[in-house]
Amino acid sequence: EFLGGKLISRNLRQDLEKWLLRPEVVLHRDWLSATFTLIASHFHAGDFDLHRKLVSTVMALTQGQQVEPSFQAELEIQLGLSWRIKGDLDRAIEAYNQAIFLAKISGTKRILSKALFNLAMTHESAGNLTVALELLNEAQDHLEDQGDASVVGLIELSIARIHFMLGTD
């Protein structure tokens, strides 16, 4: 994430993390969105170990709390991304499947599509092209009518790429 056009330093991100994890701050108003922003910041800075550690910490802190399933699904997607980048496709698949389950509970189609898309990309990485294509078609089915055009395009492009790789139309 950027602050004044500059990448937030690792030290500043770690200081923000310490503040966000103080007991009097956890689950306070706006804590979830601030924490998610920091999680994304670690990821976009390429600090995947800190990213995965913070996601796991937040998951532990929110377990048993009144947290929306949609937020939990987003955490699982972040965990899946982190495992996929690390090359642990089995753990990534597990996280994405949990995200899909939680997104279905929450009824949030945008998150469901995102989880299905990421699961499809993981299966594509593993060489499971037919499974990936099925998941992409399902992700496309769950897109909102007013969906983000870039997401729609990304899914359609991925479907076309896999059809090309399979030699199908």
Minimal non-hydrogen separation, [X] against [Y], with atom names:
X: Ala73; Y: Ala103; answer: CB-N, 3.9 Å
X: Glu76; Y: Ala99; answer: CB-CB, 3.6 Å
X: Phe43; Y: Leu81; answer: CE1-CB, 3.9 Å
X: Tyr96; Y: Ile77; answer: CE2-O, 3.6 Å
X: Leu79; Y: Met59; answer: CD2-SD, 3.9 Å
X: Gly80; Y: Ala92; answer: O-CB, 3.5 Å

CZ (Phe48) with more than 12 external heavy atoms under 6.0 Å: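 Yes, because the 6.0 Å sphere around CZ of Phe48 holds more than 12 heavy atoms from other groups.
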Within 6.0 angstrom of Glu94 CD, more than 12 heavy atoms from elsewhere: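 At most 12 heavy atoms, drawn from other residues, nucleotides or ligands, come within 6.0 Å of this atom.
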Does any part of the side chain of [Y], heavy atoms only, come nearer than 4.5 Å to the side chain of [X], both counted from C-beta?
X: Leu54; Y: Phe36; value: no
X: His42; Y: Lys53; value: no
X: Met121; Y: Ser158; value: yes
X: Glu134; Y: His123; value: no

CA sep, side-chain torsions, deciding dist, call: Phe71, Val58, side-chain contact (heavy atoms from CB on, under 4.5 Å): CA-CA 11 Å; Phe71 180 77; Val58 171; 4.1 Å; yes
Return the [atom1] to [atom2] distance between [X] and [Y], rounded to the nearest 0.5 Å.
X: Asn97; Y: Leu102; atom1: CG; atom2: CG; value: 11.0 Å
X: His142; Y: Leu116; atom1: NE2; atom2: CG; value: 6.0 Å
X: Ile85; Y: His51; atom1: CD1; atom2: NE2; value: 8.5 Å
X: Thr35; Y: Leu61; atom1: OG1; atom2: CG; value: 8.5 Å
X: Ile93; Y: Asn128; atom1: CD1; atom2: CG; value: 7.0 Å
X: Leu133; Y: Leu135; atom1: CG; atom2: CG; value: 9.0 Å

Under 3.5 Å donor-acceptor, Ser113 side chain and Arg110 backbone: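 Not confirmed, Ser113 side chain does not pair with Arg110 backbone.
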Look at the side-chain heavy atoms of Ile, Leu, Val, Met, Phe, Trp and Tyr, link any pair under 4.5 Å apart, and say whether [X] and [Y] land in one connected group.
X: Leu157; Y: Leu136; value: no
X: Val131; Y: Leu119; value: yes
X: Leu75; Y: Ile111; value: no

Steps toward side-chain contact (heavy atoms from CB on, under 4.5 Å) verdict (Phe117, Val151): CA-CA 9 Å; Phe117 173 79; Val151 174; over 6 Å; no
Worked check of side-chain contact (heavy atoms from CB on, under 4.5 Å) between Asn118 and Arg84: CA-CA 9 Å; Asn118 281 291; Arg84 192 167 95 208; 3.4 Å; yes
side-chain contact (heavy atoms from CB on, under 4.5 Å) between Ile100 and Leu112, worked out: CA-CA 6 Å; Ile100 290 165; Leu112 179 56; 3.7 Å; yes
